[in-house]
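So the structure is just underneath, and the comments pick up after that.
Numbering starts at 1 and runs along the sequence shown.
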Amino acid sequence: QAQLVESGGGLVQAGGSLRLSCAAGGRTSNNYATAWFRQAPGKDREFVAAISWRIGGTYYADSVKGRFTISRDNAKNTVYLQMNSLKPEDTAVYYCAARLSWAISPHAYEYIYWGQGTQVTVSS
């Protein structure tokens, strides 16, 4: 079983940047796909970005495309989410998730491992 631990959240002004980290421990595999989701108060959890450990392919939600970048460090078993040009509507709890497949997916129900979440707040 894999354990995921997020870090890097915080408070930032609009237009600023943050980098989130997701460290994977326990039984991990290069066959996992890892994604970031976010959930704002009163809203459903939504897909942000995903990356395949094996092939390095990436996929982004339209709302973050061009502003956010997902990447991985295989040696550190860590996935990153670089967030630039942040907007107040990016405010949410950000979750890291992994699924037992190298293929990436934007669907939360296909991910079985989840981190505890990290708060990102963007002030206007």
Side-chain angles (χ1 to χ4, degrees):
Q1 182 166 345
Q3 292 87 41
L4 305 176
V5 179
E6 303 99 333
S7 61
L11 173 64
V12 64
Q13 288 188 331
S17 299
L18 281 175
R19 189 178 79 157
L20 305 183
S21 298
C22 173
R27 296 185 63 182
T28 60
S29 168
N30 285 339
N31 287 328
Y32 287 9
T34 306
W36 288 95
F37 291 82
R38 66 187 182 186
Q39 188 166 20
K43 295 188 177 181
D44 293 334
R45 189 167 298 189
E46 66 170 348
F47 170 78
V48 175
I51 188 167
S52 171
W53 280 100
R54 180 191 290 186
I55 63 174
T58 58
Y59 182 66
Y60 297 91
D62 288 343
S63 59
V64 306
K65 203 172 294 183
R67 300 188 298 123
F68 291 10
T69 302
I70 189 170
S71 63
R72 75 196 193 286
D73 184 329
N74 289 355
K76 295 183 178 180
N77 266 357
T78 300
V79 172
Y80 303 98
L81 185 68
Q82 177 67 44
M83 306 186 294
N84 299 327
S85 302
L86 282 162
K87 304 175 182 179
E89 50 264 44
D90 294 318
T91 295
V93 177
Y94 282 70
Y95 297 91
C96 177
R99 65 187 298 247
L100 295 177
S101 170
W102 61 267
I104 56 180
S105 168
H107 305 297
Y109 63 81
E110 293 187 330
Y111 291 81
I112 64 169
Y113 300 120
W114 291 83
Q116 80 289 351
T118 184
Q119 176 70 46
V120 171
T121 303
V122 185
S123 63
S124 58

My understanding is that only one of Asp73, Asn74, Val79 makes a side chain to side chain contact (heavy atoms under 4.5 Å, CB included) with Lys76; could you say which?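 Exactly one pass, corresponding to Asp73.
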Drop me the distance from [X]'s [atom1] to [Y]'s [atom2], to the nearest 0.5 angstrom.
{"X": "Ile51", "Y": "Thr69", "atom1": "CD1", "atom2": "OG1", "result": "10.0 Å"}
{"X": "Gln13", "Y": "Ser124", "atom1": "CD", "atom2": "OG", "result": "9.5 Å"}
{"X": "Gln3", "Y": "Gln116", "atom1": "CD", "atom2": "CD", "result": "12.0 Å"}
{"X": "Leu100", "Y": "Tyr32", "atom1": "CG", "atom2": "OH", "result": "5.0 Å"}
{"X": "Trp36", "Y": "Tyr60", "atom1": "CH2", "atom2": "OH", "result": "12.5 Å"}

Working for side chain to side chain contact (heavy atoms under 4.5 Å, CB included), residues Met83 and Leu20: CA-CA 8 Å; Met83 306 186 294; Leu20 305 183; 3.8 Å; yes
Does Lys65, at its NZ atom, have more than 12 non-hydrogen atoms belonging to other residues, nucleotides or ligands within less than 6.0 Å? yes
What are the two closest heavy atoms between [X] and [Y], and how far apart are they?
{"X": "Thr78", "Y": "Ser21", "answer": "CG2-CB, 4.3 Å"}
{"X": "Leu86", "Y": "Arg67", "answer": "CA-NH1, 3.9 Å"}
{"X": "Ala92", "Y": "Ala40", "answer": "CB-N, 3.8 Å"}
{"X": "Ala103", "Y": "Ala33", "answer": "O-CB, 3.4 Å"}
{"X": "Cys96", "Y": "Leu4", "answer": "O-CD1, 3.7 Å"}

Indicate if Tyr80 and Val120 have the same hydrophobic cluster label, given that clusters are the connected sets of ILVMFWY residues with side-chain heavy-atom separations under 4.5 angstrom.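 Result: no, two separate clusters.
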Sidechain-backbone polar pair: Thr91 side chain, Val122 backbone, donor-acceptor under 3.5 Å: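 It does hold such a pair.
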Using a 3.5 Å distance criterion without hydrogens, assess whether the side chain of Glu6 forms a donor-acceptor pair with backbone atoms of Gly117.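 Yes, the answer is positive, given that a donor and an acceptor are paired below the 3.5 Å cut-off.
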For the residue pair [X] and [Y], establish whether any side-chain heavy-atom pair is separated by less than 4.5 Å.
{"X": "Val64", "Y": "Arg38", "value": "yes"}
{"X": "Val12", "Y": "Ser17", "value": "no"}
{"X": "Leu11", "Y": "Gln119", "value": "no"}

Test question: given the 4.5 Å side-chain rule for I, L, V, M, F, W and Y, name all other residues clustered with Ile104, or answer none.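 Besides Ile104, the hydrophobic cluster comprises Phe37, Phe47, Tyr59, Val93, Tyr95, Tyr111, Trp114, listed by chain and residue number.
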